[in-house]
Structure formats: C-alpha cells, structure tokens
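Contents: one structure, followed by commentary.
Chain naming here is simple, since letters A, B, ... match the order of the sequence lines and numbering starts at 1 in each.
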Protein chains: 2
Amino acid sequence: MTVPEPVSLNIRLPHVQVEEAITAMIGQMQPGDQLPTEPALAKRLGVSRATLREVLRTFAERGILVRRQGVGTFVTSRIPILETGLEVLESLERMAKRLGLATKVAHLETCERAATPAEMAGLALPGNNPVEVLVVDRVITVENEPVADLRDVVPLGYLRKEAIGNDFGGSVLDLLLQRNDLMLSTSRTDIIAEETGPHCAARLSISPGSALLKLTAQLYSYDEKVVDYSISYFVPGHFKFHVMRRVINK
Amino acid sequence: MTVPEPVSLNIRLPHVQVEEAITAMIGQMQPGDQLPTEPALAKRLGVSRATLREVLRTFAERGILVRRQGVGTFVTSRIPILETGLEVLESLERMAKRLGLATKVAHLETCERAATPAEMAGLALPGNNPVEVLVVDRVITVENEPVADLRDVVPLGYLRKEAIGNDFGGSVLDLLLQRNDLMLSTSRTDIIAEETGPHCAARLSISPGSALLKLTAQLYSYDEKVVDYSISYFVPGHFKFHVMRRVINK
DNA sequence: ATCCTGTTGATTGTCAGACAACTGACATAT
DNA sequence: ATATGTCAGTTGTCTGACAATCAACAGGAT
C-alpha cells in the first residue's frame, strides 16, 4: 500500500514564483543596476539556472531587462514597472487602486438577452443562431469625474446576472479572474479614435464631437474561446496608455 | 596541442535562428495544430531542448503558442502572424508593403535646428542646453489618400539631413535600422485620442475637429538612449492597431 | 608616452541527460 | 454505472558541464 502522500499540491509552478520575485526585485532597483549573476540568483530563488533563464528571457523580451553576454544583466532605465502598459491586461479598478485613486460605478445597467450580430462577431461565434449573453454597461468615475464608459458582453455560460451584486466594483474582468475554472490567457485589443456620440457624451458629461479613445477587446481562454467581448471609451487626459514595442530583428 | 579549430564565427546565435524557424513553421500551420514535441523539435532544429524552450516560452508569452503540461504545444487560433500588432515596431511603409499597398510621401520637409524644450523632454535629455536635431515632417498617402502625418526628431549624432535623399521612402525608422552601428531595442509608444487641429486637417485633407489617433514614441537603443522621438497622427479607418495583452497571473 | 596584443577572470549562451509532474486514455474493480 | 489504477506521452525542472563573449589589465613594441 502506498503512503498517503502529502501530494504537495504544487499550487504554483516555480517559474511563476520566480517571475514575481524578479518583478519585486526590479521594482526596488535603480535603472542601470546590475542583477546578481544567474547562478547566484538561481540559488537565492531556489530554482535551477535553466528555469531562471526562461523567465529572464521573457523580461528581456519585454524590454525590462537587458542581457549582455560576458557582462551581465541590467535593469533598463525606462520602465516604471508600477505603471503597467497596455501589454498587461488589468482592470481599470485595480490600476486605479494601485495608483491610490478611488473609483466608483455609475449608470450601472445589466441585462440578459440574445446577442446582436455585431456582438456575435465580437465573440467569434458563427452568426446563424444567437446565443444568450449578459451585457453590463456602466460608467467609471475617478474622484467623481467620469473617465470611462464600458460595456462587457459575456455568454451566459461564463457569467450570469446574479454575479453582479451590490458590491460590484465595476470590473467584469476581475469577476472572471476569480473563477478559477476559467483559464484566461490573453486579450486582443483593437485601438481606434472616435468622436463622442450623443449617448456617450451625456453619460460622460463631455461635449459631443470631442475625441475619445475606443478599445474593443476580446478576452480569450486557453481553449481559444472568447469569454468576454468588451467595448470601452476613455476620456483623454485621465489615463495614459502606452505600449512597449520591440524592434523587429530584420 | 589543440586542434587548429575552424572557429566557425557563429554569426547568429542559435536562439535567433530558432526563433525564425518557429515563426516560419507556425506560419504554415493551422490554428489549433500541435507542434512536434520538444525533443523532436530540438533535434530537428539542431539545438538543445533548453534553448528551444527559452524561445518557445517567448512565443507563449506573446500568445502565439499555448503550452499545456502533459499534453503538448499548440498554435493559437487567432494570430494572423502576418498582421503584426502594435507590440512589434515596424514602419508604416513596410507594413503597407506587406499588405500589398503602395505608399507615397507628401509635404516632405526636413530641417536641422535646436530642439524645443518639449522635444528635449521627448528625447529624455536634460533641458538646460538644447542639442541640434534633425526634424522630418511628412504625410504618408496610401492609394493617394492621406493616412498619417508624421514627425521624427533625431539628434544629429544619429542622422543628418543628407541621409534624407530623393529616394526617401518615408520611414526614418528604416533608415535607422539600416545603420548597424546602432543597436535598437524597443520603443515606448504612448497612445491618445486627439481632435484634429487646423494645421493637421489641411495636411490630411480632413475636417478639423474629427478624432485622430496620436502616437508619441521614443525609440531606445541598447545603451538606453533615445535615438528617435516621433509624433504620429493616424486617420481612422485606414490602419487598424491592436495589442495582444496577457492576463496578469494574479 | 602611445598603441597594440595577449591573458585572465567573470558572465551569459548552450548543451546533454536525467527525473518529476501532469494529462488523457484505457483497463479494471467495486 | 462509477470509481480507481495503470500506462504512455508530453511539458516542467534540475544538475553539471563546456563554449562564447566581454572588460580590464599587463606587457611589449613603436
């Protein structure tokens, strides 16, 4: 008979912990500082050099670290790692919280209905027979100023109206992240500039015709299904979006 | 005594070749297809499994591949790898060429002068004594329709007016990339929506007040200096920008 | 003095082989 | 029918080693 075996669960894979550790470490370092050598760092973090290197490479890929063979690994001088760029999908609420700002939800409306053809396309579903979806509309205010008008469209299989309780903080993404049966991977976000329409102008209390940043995003799970289709309008001047772009190596 | 040893030069590091090979391979595969197993792929590409894994991880990081322990590595269903997103820095001209569109340059103006304070800030230089810069203004047209109004600001040390010849295709970035003494790494691009001003409206032949997408970018070299500060206005509807955002793992 | 050249130590890049953990499918027992 | 055990296949990780590159320094030639 086999021993009961504590199983050790192995909640988090080593490379995830290493990633967090490196992030924290970089946050406390100055631009241009040199990281400990790979063998030293691997020993300190309790992983092998191979595992550490896989993580280091992703940081280099993002431009956060620079590695020079024969010299060392250095922190670049331009990443305020606290201020994440667009390449990380984070809810507005978490971002604001990190920056010490208080957010509120206004004009909250939720309904369950059949998806429109445009929404079906956004969810990457064949258009013939519409599925039932949960639609969540709301305006997010920061310091009592409206900054964003958001709509999320989620098939009922993933989220139902009941999940939007009185304590709803404004983030459908955070709700989906809490469900650990959904393995979310990435979001494809399209970016365009659009003039404010009358409806949006009223909700955001700005004048019609002014320029808004419009992000339409499709949130994918690991099995490549669209879990959430969202359309967001952002008032300029409140949030700064940026992207780190890597130079194509010829 | 040691053998003379052919030295073999080692022009390109293995992981660069592996990256190209994987890119090519993915391009010929269908979404959802499974890649060969790591040992098989490593053998085929002539590298060790460790090196292959470092590359595979960066692809997974970008959302191009999905890896599942105990199962395999799969191509995701949503990356038309030919259509790059914002996370890759590519000149408008190359992008258009790839898509089979012809670009032209209009309203080309170049001048060498002292940088303004705003430009000094964009170049991440201390503001006290202005440096001399090359400023390149132009409008890019696709199929004879103006689609973008671009300005590049480059310190004279990196580029001079003479480099902008009669055969200038419109891309300062491509000029900088040709110089292989400059090691370019990444670009930080800020994204905002802005209403069209009178000057821009005339150059782009659109009505003032309509919404434009404004990208301001700082191009960094490996030694962390800003090589190029650029301001770009894009007319909506001609180019679609998107970003793949990864979900923050809690 | 100045320039060139080789040496040396440190660090990242790569390799080979092994084992651990996980997954899915199938067979088996309850 | 529903668990449970087994097994092969795959990714995740580890260990130890060697190769390639770089910066700094010493020594010699000019």
Handout entry: Residue A:H15, side-chain atoms from C-beta onward, closest of D:dT11, D:dG12, D:dA23
Key =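 Closest nucleotide to the A:H15 side chain: D:dG12.
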Problem - Options C:dT12, D:dA23, D:dT11, nucleotide nearest the side-chain atoms of A:V71 - result: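 Among the listed nucleotides, the one closest to the side chain of A:V71 is D:dA23.
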Problem - Under 4.0 angstrom between B:T73 side-chain N/O and D:dT10 OP1 or OP2 - result: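 For B:T73, the contact criterion (side-chain N or O under 4.0 Å from OP1 or OP2 of D:dT10) is not met.
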Handout entry: Any B:R67 side-chain N or O less than 4.0 Å from OP1/OP2 of D:dG12
Key =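 Looking at the OP1 and OP2 atoms of D:dG12, one of them is under 4.0 Å from a side-chain N or O of B:R67.
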Between [N] atom [atom2] and [X] atom [atom1], what is the distance in whole Å?
X	N	atom1	atom2	value
B:E19	C:dG13	CD	P	14 Å
A:E54	C:dT12	CD	C1'	16 Å
B:R68	D:dG12	CZ	P	12 Å
A:Q17	D:dG12	CD	P	16 Å
A:R53	D:dT13	CZ	P	15 Å

Problem - Salt bridge flag under 4.0 Å for residues B:K161 and B:E112 - result: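 Between B:E112 and B:K161 there is no salt bridge, as every charged N stays at least 4.0 Å from the carboxylate O atoms.
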Problem - More than 12 heavy atoms of other groups within 6.0 Å of A:E162 CD - result: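 Atom CD in A:E162 is crowded, with more than 12 foreign heavy atoms closer than 6.0 Å.
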Exercise for the section: Find out whether A:T23 and A:F59 are in side-chain contact, i.e. whether some heavy atom of one side chain is under 4.5 Å from a heavy atom of the other. Expected result: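 Heavy-atom side-chain distance check passes, below 4.5 Å.
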Handout entry: Main-chain N/O of B:G122 paired with B:Q218 side-chain donor or acceptor, under 3.5 Å
Key =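 Between the backbone of B:G122 and the side chain of B:Q218 there is a qualifying donor-acceptor contact (under 3.5 Å).
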Exercise for the section: Using heavy atoms to find the nearest nucleotide of DNA chain D for A:G70 and A:L52 separately, return the residue whose nucleotide is more 5′. Expected result: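 The residue closer to the strand's 5' end, by nearest nucleotide, is A:L52.
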Exercise for the section: State which residue, out of B:K43, B:R44, B:R53, fulfils the salt bridge (charged side-chain N to carboxylate O under 4.0 Å, His left out) condition with B:E38. Expected result: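 Only one of B:K43, B:R44, B:R53 forms a salt bridge (charged side-chain N to carboxylate O under 4.0 Å, His left out) with B:E38, namely B:R53.
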Practice task
Pull out every residue in residues 34-51 of chain B that has a heavy atom closer than 4.0 Å to any atom of DNA chain D, ordered by number, or say none.
Solution key: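 Listed by number, they are B:T37, B:E38, B:R49.
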Practice task
Over all heavy atoms of both residues, which pair between A:A115 and A:M120 is shortest? Give the atoms and the distance, please.
Solution key: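 Looks like CB-SD, 3.6 Å.
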